[in-house]
Protein chains: 2
Amino acid sequence: MSVQERKERERAERERLIVATARELAEQQGWDAVTTRRLAERIEYSQPVLYSHFRGKREIIGAVALQGAAQMAAEVRAATSRANSPRERVAALARAYLDFAARNPAVYDALFQLDGGLAYAQEDTPEPLKDAFAALLESLGEVAGDGVHPGLFTETFWASLHGLATLTRAGRLPPEDAAQRVELLVDRLAVV
Amino acid sequence: MSVQERKERERAERERLIVATARELAEQQGWDAVTTRRLAERIEYSQPVLYSHFRGKREIIGAVALQGAAQMAAEVRAATSRANSPRERVAALARAYLDFAARNPAVYDALFQLDGGLAYAQEDTPEPLKDAFAALLESLGEVAGDGVHPGLFTETFWASLHGLATLTRAGRLPPEDAAQRVELLVDRLAVV
DNA sequence: CTTGATTGTCTAGCGGTGCTAGGATCGAAT
DNA sequence: ATTCGATCCTAGCACCGCTAGACAATCAAG
């Protein structure tokens, strides 16, 4: 038994290595640079080993996305927990969200731009994704305003943040006034 | 002279054919299916001909994007011109924008998701892109509210629409409540 | 009308991609 | 010690974006 257990441990360890390496490589050189050959070389195994852990590149992206979702949820909760008013909580959430997107662009892409083969907004949505949305809902739900469904409000606010994050990073919006845009968004959308 | 003119006409015509075919193929089967080989086959020329018109695939995407920007600007202006109040104009703009994104997903991707090698928000930004932003600014500027820069407001509102468009289409948001989210956005962001 | 240069287009191929079939190797269990 | 199954790698497929160089059509000059 012990032998088998050790093998399973090693296998799980190798899987973590693959995901961590993919993430690292993507952050360093972009997802285009994450080829199965380069990834295999970095983990010092041959290509087919990747396919014994994941169905393909898409699933590797998905694994990075799930990891990222958990991290983002944690960072958002940490930021909002330090705030004392609903208004301040929403502002902290927005800053934390955009900060995460800016500091982890590849992970953010894996989550919301690329196809990681994950289901979103459904019953079979993976737990980390549901929980990340829940982290947003916790702070945004309380400023939805009368007669507005908290979930719908959270979706809308989130979409706005997502738009800012992606357009800014893609060079479609000048980055100088980023803070002002966030302030405007919080001021107008949140009912406090 | 006339011979040379005819050749130039034919060349321009072929270039239009390339862009139109790329757009069509992208809308039908997605940008991944737009390979230089398939594109060449559809226009009934060999691959290298594409490279006598464009530096590479990226520039073809850029050409589709410019065409799309012009079309989007026109559709937005048509929609807003039919509205009679600032509030109604903003709502019409939002609907037209999201409608365009939903009906031309590949073109929308070329504009805002993919790398078409275009400069955004700069002096050397191509005219159609500047004009598309101007089309938004025309209607959004009048509801920015006191003390808020119209350009900054337009950027923020646009980013929110962009977030809704991309997240909805990527399956990150359930499509049923799309209209309610737009309404919420218009109600809260626009000062009327 | 023939020649020669120029222009236009094509065939073929380079190095890369994601992915997989099939053989070699290694370790556990008899 | 020998089998046998799991594990891993080599080699290769079809495809990608892109380009060099051969070839054919066209035109200007003699």
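These numbers were taken from a predicted model, which means no experiment stands behind them. Below, chain A is the first sequence line, B the second, and so on; all start at residue 1.
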Are any non-hydrogen side-chain atoms of A:Gln113 and A:Trp31 less than 4.5 angstrom apart?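 SC-SC contact between A:Gln113 and A:Trp31 ruled out.
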When you compare the side chain of A:Val90 with that of A:Phe157, does any pair of heavy atoms fall below 4.5 Å? yes
Starting from [atom2] on [N], measure out to [atom1] on [X] and report it in whole angstrom.
X       : N      : atom1 : atom2 : result
B:Glu10 : C:dG8  : CD    : P     : 11 Å
A:Arg55 : C:dC19 : CZ    : P     : 12 Å
A:Glu13 : D:dT7  : CD    : C1'   : 18 Å
B:Tyr51 : C:dT11 : OH    : P     : 16 Å
B:Glu41 : C:dT9  : CD    : P     : 18 Å
A:His53 : D:dA6  : NE2   : C1'   : 13 Å
B:Ile18 : D:dG17 : CD1   : C1'   : 15 Å
A:Leu39 : C:dG18 : CG    : P     : 9 Å

Does a side-chain N-to-carboxylate-O contact under 4.0 Å join A:Glu88 and A:Arg95?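 Salt bridge present between A:Glu88 and A:Arg95.
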Euclidean distance, B:Asp131 CG relative to B:Leu137 CG, rounded to 0.5 Å: 11.0 Å
Quick one: is D:dC8 close enough that its OP1 or OP2 comes under 4.0 Å of any side-chain N or O from A:Arg11?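 Looking at the OP1 and OP2 atoms of D:dC8, neither is under 4.0 Å from any side-chain N or O of A:Arg11.
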Would you give a per-nucleotide map of nucleotides 11-16 of chain D, 5' to 3', where B means the base has a protein non-hydrogen atom under 4.0 Å away, S means only the sugar-phosphate does, and - means neither? -B---B
Are more than 12 heavy atoms from other residues, nucleotides or ligands located less than 6.0 Å from atom CZ of A:Arg55?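 Not more than 12 within 6.0 Å, no.
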On the six-membered ring of A:Tyr45, is A:Arg14 placed so that its NZ or CZ lies under 6.0 angstrom from the centre and within 45° of the ring axis? yes
